[in-house]
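Data first, discussion second: the structure below is written as structure tokens.
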Amino acid sequence: MSAVIIVLIILVVLVFIALIKTVQVIPQASAAIVERFGRYTRTLNAGLNIVVPFIDTIRNRIDLREQVVPFPPQPVITQDNLVVNIDTVIYYQVTDARAATYEVASYIQAIEQLTVTTLRNIIGGMDLERTLTSREDINAALRGVLDEATGKWGIRVNRVELKAIEPPTSIQDSMEKQMRAERDKRAAILTAEGTRQSQILTAEGEKQSAILRAEGEAKAAALKAEGEAQAVRTVFEAIHAGDPDQKLLSYQYLQMLPKIAEGDANKLWIVPSEIGDALKGLSGAFGNMGGGVPGFNVKGTATERRDEPPVD
């Protein structure tokens, strides 16, 4: 009885194992290669799949997502016989799981070796300066060669990137010195341009200031002349509006004579002849009032001032 139970238990275990091997769940973006007695049968896609247990076997599970593989630096000789180290990164994707399994033993190693040889061929036809400035061209050339070669392997190369291009140390030092000299040159040019521009702006400012100052002085002089002319016109109009007679004008002139005669050097001054008649009339009037003007002697058109000695 116990032997029967053991046999039943073994049968249950075998059935369970067979069910496990029969049902195969493939994750999304993955594929599995099925072989029957060592021969390719079919490719299992994502989802639930049924295989024959103990007859069908899973040879390989392949990730169908885009993969990124960095390759170590590779020494490459340029056209001008300089050794540079170049790091590359490959972005690829498996498009045919069967071809990736049976057409090449290791597609990762095959892509790496193909990248190295292609890179050496491309860089060998360029000098160092062109190599450093032609990354896009090198990437495009690499991608074209790799995509064409890996197509039969079920691989599609999406992108090829050069991570770094490192020239020799001596070349790096020379390039650094050249760049420093270029920076110093540009700094000197910018300084000279700034000084020149500053001087130009200063001269323009002084010129503009002089022009504005001259315009201000001209306007001030014009306004002053206009004010004086207006004052003369006002006085002239006031005199004409008052209609003064000859006697009033002569009297005003006589009032100004003491101011004209101020100072020891004034001994003789000229009186206009036009007011002679008025002075004669005024002398008569002053004579009636008190005998003339003290200190003045009227003779024709000239009047002389005499300094009288003091009376004891």
Side-chain angles (χ1 to χ4, degrees), residues 29 60 62-198 200:
N60 192 15
I62 298 177
D63 193 343
L64 301 180
R65 295 174 296 178
E66 185 175 9
Q67 304 292 320
V68 181
V69 179
F71 296 142
Q74 298 295 328
V76 181
I77 301 176
T78 62
Q79 189 177 13
D80 46 358
N81 296 324
L82 294 175
V83 179
V84 295
N85 293 321
I86 301 179
D87 298 350
T88 55
V89 178
I90 304 296
Y91 296 80
Y92 73 92
Q93 186 175 10
V94 177
T95 57
D96 187 351
R98 187 193 65 80
T101 302
Y102 295 105
E103 296 295 334
V104 62
S106 174
Y107 56 83
I108 297 295
Q109 185 177 1
I111 291 174
E112 180 180 2
Q113 296 303 317
L114 183 60
T115 301
V116 172
T117 55
T118 305
L119 189 61
R120 287 177 178 173
N121 292 333
I122 295 174
I123 300 300
M126 297 181 178
D127 55 13
L128 179 61
E129 184 176 359
R130 186 181 174 189
T131 300
L132 295 175
T133 58
S134 303
R135 291 197 178 198
E136 293 297 331
D137 298 337
I138 298 173
N139 292 340
L142 273 174
R143 183 181 180 280
V145 173
L146 291 176
D147 196 25
E148 181 180 0
T150 58
K152 62 180 180 179
W153 301 339
I155 306 294
R156 182 176 68 245
V157 177
N158 297 326
R159 294 179 61 186
V160 179
E161 295 291 342
L162 302 183
K163 289 175 59 178
I165 301 177
E166 297 180 359
T169 306
S170 59
I171 300 299
Q172 292 182 11
D173 295 339
S174 300
M175 293 173 62
E176 184 177 356
K177 292 179 180 178
Q178 182 179 1
M179 291 177 62
R180 188 181 301 112
E182 289 291 334
R183 287 195 297 267
D184 295 340
K185 177 182 176 182
R186 287 196 297 269
I189 292 174
L190 290 176
T191 302
E193 286 291 336
T195 303
R196 174 175 171 271
Q197 189 67 22
S198 175
I200 291 174

**OP:** May I ask you to decide if I111's main-chain N or O and Q113's side chain share a donor-acceptor pair within less than 3.5 Å?
**Re:** no
Original post:
Under 6.0 Å from the CD1 atom of I77, do we count more than 12 heavy atoms belonging to anything else shown?
Top reply: no
**OP:** Could you tell me which non-hydrogen atom of A100 sits nearest to which non-hydrogen atom of I62, and how far apart they are?
**Re:** CB-CD1, 4.3 Å
Original post:
Going from CH2 on W153 to CG on L146, what distance comes out if it is rounded to the nearest 0.5 angstrom?
Top reply: 8.5 Å
Subject >> Derivation of the side-chain contact (heavy atoms from CB on, under 4.5 Å) call for V94 and D63 >> reply: CA-CA 7 Å; V94 177; D63 193 343; over 6 Å; no
Original post:
How about V116 and F71: do any of their side-chain heavy atoms sit closer than 4.5 Å?
Top reply: no
**OP:** Output yes when a side-chain donor or acceptor of T117 lies under 3.5 Å from a complementary backbone atom of L114, and no otherwise.
**Re:** yes
Original post:
When you look at T150 and Y107, which way does the side-chain contact (heavy atoms from CB on, under 4.5 Å) test go after all the steps?
Top reply: CA-CA 8 Å; T150 58; Y107 56 83; over 6 Å; no
Original post:
Once you round to the nearest 0.5 Å, how far does CD1 of I90 lie from OG1 of T115?
Top reply: 4.0 Å
Original post:
Which pair of non-hydrogen atoms, one from Q93 and one from L64, has the smallest distance, and what is that distance?
Top reply: NE2-O, 3.0 Å
Original post:
Is it true that E182 and K185 make a salt bridge, defined as a side-chain N closer than 4.0 Å to a carboxylate O?
Top reply: no
Original post:
Taking L162 as the fixed residue, which of T88, T131, V89 is the one that meets the side-chain contact (heavy atoms from CB on, under 4.5 Å) rule?
Top reply: T88
Subject >> R156 (side chain) donor-acceptor with D147 (main chain) under 3.5 angstrom >> reply: no
Original post:
Under 6.0 Å from the CD atom of E66, do we count more than 12 heavy atoms belonging to anything else shown?
Top reply: yes
**OP:** Return the minimal non-hydrogen interatomic distance between K152 and A99, and the atom names on each side.
**Re:** O-CB, 3.9 Å
Subject >> Minimum-distance pair of heavy atoms, taken over all atoms of A110 and V104 >> reply: CB-CG2, 3.8 Å
Original post:
About how many Å separate CG of L128 and CG of L82, when rounded to the nearest 0.5 Å?
Top reply: 5.5 Å
Original post:
Is the side chain of E161 donor-acceptor paired with the backbone N or O of N139 at a distance under 3.5 Å, no angle test?
Top reply: no
**OP:** Report the C-alpha separation of I86 and Q74 in whole Å, then their side-chain angles, then the decisive distance to 0.1 Å, and conclude whether the side-chain contact (heavy atoms from CB on, under 4.5 Å) test is met.
**Re:** CA-CA 5 Å; I86 301 179; Q74 298 295 328; 5.6 Å; no
Original post:
To the nearest 0.5 Å, what is the distance between CG (L142) and CD1 (I123)?
Top reply: 7.5 Å
Original post:
From T133 OG1 over to R130 CZ, what is the distance, rounded to the nearest 0.5 angstrom?
Top reply: 8.5 Å
Original post:
Could you walk me through whether M126 and T78 pass the side-chain contact (heavy atoms from CB on, under 4.5 Å) check?
Top reply: CA-CA 6 Å; M126 297 181 178; T78 62; over 6 Å; no
Subject >> Nearest non-hydrogen partners of N85 and P75, listed with the distance >> reply: OD1-CA, 3.5 Å
**OP:** Using side-chain contact (heavy atoms from CB on, under 4.5 Å) as the criterion, point out the one residue from V160, T118, I138 that pairs with R143.
**Re:** V160
Original post:
At their closest point, which heavy atom of R135 faces which heavy atom of L132, and how far apart are they?
Top reply: CG-O, 4.5 Å
**OP:** Calculate, to the nearest 0.5 Å, the distance between atoms CD and CG belonging to Q67 and N158 respectively.
**Re:** 11.0 Å
